[in-house]
Amino acid sequence: MKRIVYSAITMLLLSTAAQAQLIITNGEHVMEISGSASTYYNQRILKEGEYDHSKDRFKLRDAQINIEGRIKNIWEYKLQADFADMSANTAGGEIDPENPGLMDANVTYKGLGFLEIKAGYGKVPYSLSSMVPFTFSPYWQRAELTRGSLFSRRDAGVTLHSALWRQRINLYAGIYSGLGEMALIGDNDPSGNPEFIGRAEFSYPARYRYRLKDDRHTPVPMFMIGLNGRYMNKRLPDGEVFPDNTQSEYGMKVVDGKKYVYGFDASFMYQGFSAQFEMHQIKGQPVKASDPLYQGLSPAQTRGYFLAGGYIAEVNYHIAAINTIVSARYEELDLSDLVKGNSQRFSPAIAYQVKGFDAMVKFQYFNILKEEAIDPLKWKEQYRLGIQFNFN
């Protein structure tokens with residue numbers, strides 16, 4: 001009888017705290033089920049001489065189910081899958097690193113108190129923009145720099161996390177396959193070497209949650225700064241491209257040699273206003289002078305390495321009277337310092353939050369201000385309008 005009463009009280013309290021989230025519990029084991037669905041229409045304005053309008057389409061972006069649980073506050077687990085992308089992959093489509101079919105499959109041990117150990121597959125602790133869930137963003141698409149083409153957003157491995165000073169300081173360190181989203185479908189590269197990733201972040205005056213919008217109108221100014229770093233040393237088979245590179249728009253997620261990535265991010269929010277800034281730098285050292293990433297230049301011209309990277313600047317404001325978020329983002333990306341020029345994009349967005357539901361009608365506009373020869377596009381402008389609905 002006591003167990004039944006305890007379970008009932010626990011379920012009531014957890015349901016209230018989670019805003020009516022679907023919860024199953026027996027007192028020691030609590031499982032929460034949630035999910036989301038989103039769909040949009042995309043329209044591109046093509047360059048002169050281009051006639052392929054195949055990207056002008058309706059698209060089901062998400063059909064997600066999320067199962068999270070905890071046992072005795074010592075073990076936690078998470079399983080998140082997107083059936084829309086699973087169907088696309090089954091039909092022969094490419095894996096979208098921003099939104100793959102399997103998003104999370106991991107367990108976390110919290111019995112040590114000061115240290116959490118997570119093992120399995122999921123997001124790696126690198127880049128605030130990458131770590132923010134899609135549902136907390138007013139945009140339909142992340143910036144090109146952090147979408148997952150230049151460095152992986154998810155991988156299989158082990159993550160250590162320690163939170164200090166009431167979670168104002170968070171420290172992450174992890175070891176992963178280095179293959180990113182492709183780790184689920186194949187072996188490691190011939191070297192067998194992993195990728196190492198670390199992140200340190202500081203927030204004040206309280207814990208800072210991973211979100212871009214401030215629809216709760218934070219009553220006191222809050223900020224967070226983060227430092228990230230990652231390193232791998234891989235070897236690709238002679239005459240072949242590692243499978244992950246076939247899915248990458250730029251072919252540098254896995255370098256045949258050493259690859260260093262380091263970055264900085266900062267975020268601020270106050271009274272409905274929020275702003276974010278990120279900067280990332282990639283240094284690749286391919287072992288072969290003939291590597292395509294050297295752009296056909298001689299060893300003397302390349303200095304034995306190439307650099308790539310860029311930055312993102314974003315501002316958002318929540319207009320409480322009409323429950324709407326207006327946003328603007330500027331991004332700059334240089335795919336290689338060995339080739340002159342870089343790309344620049346501007347993307348404003350509007351997101352209306354449907355009253356009484358966890359849903360948003362979102363509109364995003366893409367404008368290509370400048371592009372470089374390495375990555376020529378067929379379009380110059382793009383419009384995307386759709387709805388996102390979360391059930392929890």
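Counting from 1, the numbers follow the sequence of the chain as shown. Basis for what follows: all heavy atoms, side chains included, without hydrogens, waters or symmetry-related copies.
- Side chain to side chain, N323 and H318 meet the donor-acceptor criterion of an N or O pair below 3.5 Å.
- Put simply, the side chain of D56 gets close to the backbone of R44: a donor and an acceptor are under 3.5 Å apart.
- Here CD of Q276 is found 4.5 Å from CG of L212. Values are rounded to the nearest 0.5 Å.
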Point to revise | Check against side chain to side chain contact (heavy atoms under 4.5 Å, CB included), H161 and L171 | key: CA-CA 6 Å; H161 171 222; L171 304 175; 5.9 Å; no
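- Expressed to the nearest 0.5 Å, how far CG of D334 lies from CG of L307 amounts to 8.5 Å.
- Side-chain contact check for F277 versus F264: some heavy-atom pair is nearer than 4.5 Å.
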Exercise for review: Tell me, with the steps shown, if Y176 and T159 meet side-chain hydrogen bond (donor to acceptor under 3.5 Å, both in side chains).
Suggested key: CA-CA 8 Å; Y176 310 91; T159 304; 2.5 Å; yes
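- Under the 4.5 Å side-chain criterion, counting only non-hydrogen atoms from C-beta, K110 is not in contact with I74.
- In this model, a donor atom of one side chain and an acceptor atom of the other lie less than 3.5 Å apart for E201 and Y210.
- By the 6.0 Å and 45° rule, R61 stacks over the aromatic ring of F134.
- Look at R303 and D337 and you find a salt bridge, because one of the NZ, NE, NH1 or NH2 atoms lies within 4.0 Å of a carboxylate O, short of that distance.
- There is no side-chain donor-acceptor pair under 3.5 Å between E331 and Q344.
- Using a 4.5 Å heavy-atom threshold, the side chains of F268 and P221 count as touching.
- Looking at heavy atoms from C-beta onward, I374 lies in side-chain contact with S336 at the 4.5 angstrom threshold.
- Looking at every heavy atom in both residues, Q285 comes nearest to Y294 through C-OH, 4.1 Å.
- The backbone N or O of Q167 sits nowhere less than 3.5 Å from a side-chain atom of R207 that would complete a donor-acceptor pair.
- The aromatic ring centroids of Y41 and F58 lie less than 6.0 Å from each other.
- With hydrogens and angles ignored, the 3.5 Å screen pairs no side-chain donor or acceptor of D85 with any backbone N or O of G101.
- Contact of the S152 side chain with the E195 side chain is registered, since non-hydrogen atoms from C-beta on lie closer than 4.5 Å.
- Salt bridge status for R70 with E32: present, with a side-chain N to carboxylate O gap under 4.0 Å.
- Using a 4.0 Å cut-off between charged side-chain N and carboxylate O, D256 and K288 make a salt bridge.
- Summarising the geometry of I225 relative to A266, their closest heavy-atom pair is CG2-CB, 4.1 Å, with the distance given to 0.1 Å.
- Between the side chain of S343 and the main chain of L333, a donor-acceptor pair closer than 3.5 Å is present.
- In this structure, a donor-acceptor pair under 3.5 Å is present between the side chains of N390 and D358.
- Note that OG of S38 and CD of Q64 are 7.0 Å apart. Values are rounded to the nearest 0.5 Å.
- Checked against a 6.0 Å centroid threshold, the rings of Y383 and Y365 count as neighbours.
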Check your understanding: Do N188 and L179 pass the side chain to side chain contact (heavy atoms under 4.5 Å, CB included) test, and can you show the C-alpha distance, the side-chain angles, and the key distance before you say yes or no?
Key -> CA-CA 7 Å; N188 204 347; L179 308 185; 3.9 Å; yes
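- Checked by atom type and distance alone, the side chain of R345 never pairs as donor or acceptor with a backbone atom of F366 at under 3.5 Å.
- Counting heavy atoms of neighbouring residues, nucleotides and ligands inside a 6.0 Å radius, atom NZ of K118 does not exceed 12 of them.
- Looking at every heavy atom in both residues, V158 comes nearest to A119 through CG2-CB, 4.3 Å.
- Using a 3.5 Å distance cut-off with no hydrogens or angles, the side chains of D215 and Q353 do pair a donor with an acceptor.
- Side chains of V255 and K234 form no contact here, defined as non-hydrogen atoms less than 4.5 Å apart.
- Judged by distance alone, the side chain of T218 and the main-chain N or O of V220 form no donor-acceptor pair under 3.5 Å.
- At least one donor-acceptor pair under 3.5 Å links the side chain of T324 to the backbone N or O of I322.
- Defined by atom type and a distance below 3.5 Å, a donor-acceptor pair is missing between the side-chain atoms of R57 and N42.
- Ring centroid separation for the pair H280 and Y311 does not come in under the 6.0 Å cut-off.
- Residues L385 and V361 are in side-chain contact: their nearest non-hydrogen atoms beyond the backbone lie under 4.5 Å apart.
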Check your understanding: Going through the distances and angles, do E314 and S327 end up as a side-chain hydrogen bond (donor to acceptor under 3.5 Å, both in side chains)?
Key -> CA-CA 7 Å; E314 178 179 321; S327 306; 5.5 Å; no
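- Under 3.5 Å, the side chains of D62 and S36 contain no donor-acceptor pair of N or O atoms.
- Under 3.5 Å, the side chains of N367 and E381 contain no donor-acceptor pair of N or O atoms.
- Between the side chain of Q43 and the main chain of R384, no donor-acceptor pair closer than 3.5 Å is present.
- No hydrogens or angles considered: nothing links the side chains of E28 and N26 as a donor-acceptor pair under 3.5 Å.
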Point to revise | Evaluation steps, ring pair (Phe, Tyr, Trp, His ring centres under 6.0 Å), between Y317 and F273 | key: CA-CA 4 Å; Y317 183 70; F273 173 82; 7.1 Å; no
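- Under 3.5 Å, the side chains of K362 and Q388 contain a donor-acceptor pair of N or O atoms.
- A pairwise comparison of heavy atoms in K59 and T39 identifies O-OG1, 2.9 Å as the closest pair.
- Side-chain polar atoms of R142 and S137 form no donor-acceptor pair below 3.5 angstrom.
- With values rounded to the nearest 0.5 angstrom, N170 atom CG is found 8.0 Å from L164 atom CG.
- Shown here is K47, whose NZ atom has more than 12 heavy atoms of other residues, nucleotides or ligands within 6.0 Å.
- Two residues are said to be in side-chain contact when any heavy atoms from C-beta on lie closer than 4.5 Å; Y139 and N316 meet this criterion.
- In terms of heavy-atom proximity, I197 sits nearest to P125 at CG2-O, 3.6 Å.
- A distance-only check finds no donor-acceptor pair linking the side chain of K78 to the backbone of I67 [under 3.5 Å].
- To the nearest 0.5 Å, atoms CG (D214) and CZ (R209) are separated by 13.0 Å.
- Between K380 atom NZ and E371 atom CD the span is 11.5 Å, to the nearest 0.5 Å.
- The local environment of CZ in F391 is crowded, with over 12 non-hydrogen atoms from other residues, nucleotides or ligands closer than 6.0 Å.
- With respect to E181 and K253, a salt bridge is recorded, a charged nitrogen being found less than 4.0 Å from a carboxylate O.
- Side-chain contact of R235 with N233: a donor-acceptor pair under 3.5 Å is present, judged by distance alone.
- Between the side chains of S203 and R168, no donor-acceptor pair is found at a separation under 3.5 Å.
- Within the 3.5 Å criterion, the main-chain N or O of A308 finds a donor-acceptor partner in the side chain of Q281.
- Looking at every heavy atom in both residues, Y121 comes nearest to P100 through OH-CG, 4.1 Å.
- The pair E98-R147 meets the salt-bridge criterion, with a side-chain N (NZ, NE, NH1 or NH2) lying under 4.0 Å from an Asp/Glu carboxylate O.
- A donor and an acceptor atom, one from each side chain of Y77 and T108, are nowhere located under 3.5 Å apart.
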